[in-house]
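In what follows, every chain begins at residue 1, and chains take the letters A, B, ... in the order their sequences are listed.
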There are 2 protein chains.
Amino acid sequence: MCSHEQRPQGADMTSGVGQTSHRCHAGSSALSDVKAETRAALAAMCRPRRLGAGQTAIHEGETSDYVGCVLSGILRLQKTLADGRQHIVGLLFEGDMFGRVFDGASDFSVEAATDAEVCAFPRRRFEELLSHAPDLDRALLMNILTELDRARDWMVLLSNRKISSRLAGFLVLLCSRFASVDRLVELRPDGFEIRVPISRTDLAHLLGTRTESISRAFHWLEDEGDIEILGPDRVLVRDVSALASRTGDGETDAIASLKAVLASRRQASG
Amino acid sequence: MCSHEQRPQGADMTSGVGQTSHRCHAGSSALSDVKAETRAALAAMCRPRRLGAGQTAIHEGETSDYVGCVLSGILRLQKTLADGRQHIVGLLFEGDMFGRVFDGASDFSVEAATDAEVCAFPRRRFEELLSHAPDLDRALLMNILTELDRARDWMVLLSNRKISSRLAGFLVLLCSRFASVDRLVELRPDGFEIRVPISRTDLAHLLGTRTESISRAFHWLEDEGDIEILGPDRVLVRDVSALASRTGDGETDAIASLKAVLASRRQASG
DNA sequence: CGATTTCGTTGACAGCTGTCAATGATCCCT
DNA sequence: AGGGATCATTGACAGCTGTCAACGAAATCG
């Protein structure tokens, strides 16, 4: 029920709900820690929705009637300034939640950066469930704390003046998020290949610059030997450590664990 | 108990706790909505602490043993990069909370930007109380949501390339936070005076630049007629709207309500 | 009161980015 | 396959900031 995708004919509601529950909490979802009972309640109130690239899920300044969870694709959290400039303050990947509970309108709009599927929970019913399910309440709190940390890490990244440093940081972040999912990172003898899932324009709005500078930063990193540009959305990462060092934050624990994950995957695949 | 300040002789524990409770929730505190009963429990576990300017409350990467609430002064939330650069991701004012509940270490350190007093709640006992006091849990959730919004608004502010635009945004933000507190904003015939509560160095780290650029930005805004520099930490704001328009976000609701507050205060004082 | 240190300010110059303009590449639709 | 639209890239130039250096002001300490 949580997805508009075709299901085998004859699937009854129960199996439908089970599938929803599974999909809503796949991977590193914010809701993966809640009890089965709570998950069932969530699945029951879940309204599936498919968004085309560019479509708006929540309008800026509007009080949304639902809370959402990303099933597939990428959403962007953004603000349009009075002078027409746009700025993206965050990306939402599979398993991320969005929308606000209890209080009013969000100052940011949520739009699909790619074709996407989301799971929509009616806000009132979600809040009702929150009051009776401490595990969900706890999970939501942890989720928001994580978001807050990510936002602050992102600020530090944006404090880099050179655009190539910001781009390097973004690529490292992409690697960290994608490393554990097979289909998103392809190992190669001379590094590993990732997909840059958003357009140059979105990348520019995300990194606080323009597409021209994004282009220059990509090719500068290629000249330095850190990456190789395989296509507009395909990048071969040759040296993660080098990329990380360009952000000024050097070899962190996150980088170390990323390299460990990739090494173990490389070993597993021969 | 929550403050080291002198109390009238003979005050017993009860009045002490009452005072603590009062001080911890003064102004627009994050905890102002919790029940009296919960407030009493908080007051009972409160450990007062006084911090000198520059002193560290929570070290980067360290799991803190307590959750804190600012009583007076200003704390900065910051990160030191491997290359030595420092970046401030947020300021904590009176009534703001800091420290993490439930999960591990914070990647940011919390330091006193000015002399400050904080209220420290032992983390375990605070978490225990959270589980039994839904009102506190709710208040904390709302508080963190507010912090998340502030962080994202701050990101938008930092997307301004001109330092003078960022500084203008910061001054407007200061006005918004201080407007309702008499001692922090002094009305004058040609505008209103505010105190810039942190040094040029901190301002530079906060706005992602250097002290020289901060200085230039201040004097540029003065040349434009938006402000007048009365002293290193005293600024006369002549035209809030002009300042706001320089951030690219124009005349928002926040600006309108700020002007309304100042107008009513001006009327009240004659 | 004077010396020292810290802080804020100002100037000169190099480096990077924003802007404008033009070109090349790719995708989509017919 | 052709044509149009969108996207990515590259070049030239101006503007702003970072850096280095020097100066002035204010606070601190003896």
Side-chain angles (χ1 to χ4, degrees), chain A residues 52-54 76 81 83-87 113-115 157-171 195-224 227-235 246-248, chain B residues 52-54 76 81 83-87 113-115 157-171 195-224 227-235 246-248:
Chain A
R76 53 181 187 234
L81 297 179
D83 60 12
R85 278 183 302 160
Q86 285 196 330
H87 197 247
T114 67
D115 287 344
L157 182 70
L158 290 180
S159 75
N160 284 293
R161 302 168 229 311
K162 287 180 68 173
I163 304 297
S164 51
S165 298
R166 298 186 201 173
L167 178 59
F170 174 71
L171 291 176
R195 299 255 165 191
V196 180
I198 56 175
S199 69
R200 292 287 192 269
T201 304
D202 278 353
L203 216 42
H205 290 156
L206 187 63
L207 298 180
T209 182
R210 303 288 168 170
T211 60
E212 295 93 328
S213 294
I214 294 292
S215 182
R216 286 176 188 124
F218 262 118
H219 290 277
W220 187 83
L221 288 177
E222 186 173 41
D223 290 344
E224 293 291 312
I227 65 172
E228 189 175 315
I229 303 170
L230 304 174
D233 63 340
R234 292 171 56 220
V235 172
R246 299 200 189 281
T247 66
Chain B
R76 53 181 186 236
L81 297 180
D83 61 10
R85 276 183 303 159
Q86 286 196 330
H87 196 247
T114 67
D115 288 344
L157 182 69
L158 290 180
S159 74
N160 284 291
R161 304 168 227 311
K162 288 179 68 173
I163 304 297
S164 52
S165 298
R166 298 187 201 173
L167 179 59
F170 174 71
L171 291 175
R195 299 255 165 192
V196 179
I198 57 175
S199 68
R200 293 285 192 267
T201 304
D202 277 354
L203 216 45
H205 290 157
L206 187 63
L207 299 180
T209 183
R210 303 288 169 174
T211 60
E212 295 93 328
S213 294
I214 294 292
S215 182
R216 287 177 187 124
F218 262 118
H219 290 276
W220 187 83
L221 287 177
E222 187 172 41
D223 290 344
E224 293 292 313
I227 64 172
E228 188 174 317
I229 302 169
L230 305 174
D233 64 339
R234 292 171 55 220
V235 172
R246 298 198 190 283
T247 67

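- Protein atom CZ of Arg85(A) is 11 Å distant from nucleotide atom P of dG18(C), rounded to whole Å.
- Among the heavy atoms of the strands lying under 4.0 Å from Ile163(A) are primed sugar atoms or P, OP1, OP2 only; no base atom is included.
- Rounded to a whole Å, the CD1 atom of Ile214(B) is 9 Å from the P atom of dG18(D).
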Which donor-acceptor pairs under 3.5 Å do the side chains of residues 203-219 of chain A make with protein atoms, sequence neighbours left out?
none

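- Note on the helix from dC1(C)-dG30(D) to dT30(C)-dA1(D): terminal axis deviation equals 50°, with five pairs used at each end and the result rounded to 10°.
- Residue Leu221(A) contributes atom CG, which lies 14 Å from atom P of dC16(C) at whole-angstrom precision.
- In this structure, Asn160(B) places its CG atom 15 Å from C1' of dT17(C), rounding to the nearest Å.
- Summarising the geometry of Arg85(B) relative to Gly248(A), their closest heavy-atom pair is NH2-CA, 3.7 Å, with the distance given to 0.1 Å.
- Counting to the nearest Å, the P atom of dA8(D) and the CD atom of Glu222(A) are 16 Å from each other.
- For Asp233(B) and dC7(C), the CG to C1' distance is 12 Å, given to the nearest whole Å.
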Give me the distances for all protein-to-nucleotides 19-22 of chain D N/O pairs that come in under 3.5 Å?
{"residue": "dT19(D)", "atom": "OP2", "partner": "Arg210(B)", "partner atom": "NE", "Å": "2.8"}
{"residue": "dT19(D)", "atom": "OP2", "partner": "Arg210(B)", "partner atom": "NH2", "Å": "3.4"}
{"residue": "dT19(D)", "atom": "O4", "partner": "Arg216(B)", "partner atom": "NH2", "Å": "3.4"}
{"residue": "dC20(D)", "atom": "N4", "partner": "Glu212(B)", "partner atom": "OE2", "Å": "3.3"}

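- The side chain of Thr211(B) places no N or O atom within less than 4.0 Å of a non-bridging phosphate oxygen (OP1 or OP2) of dC7(C).
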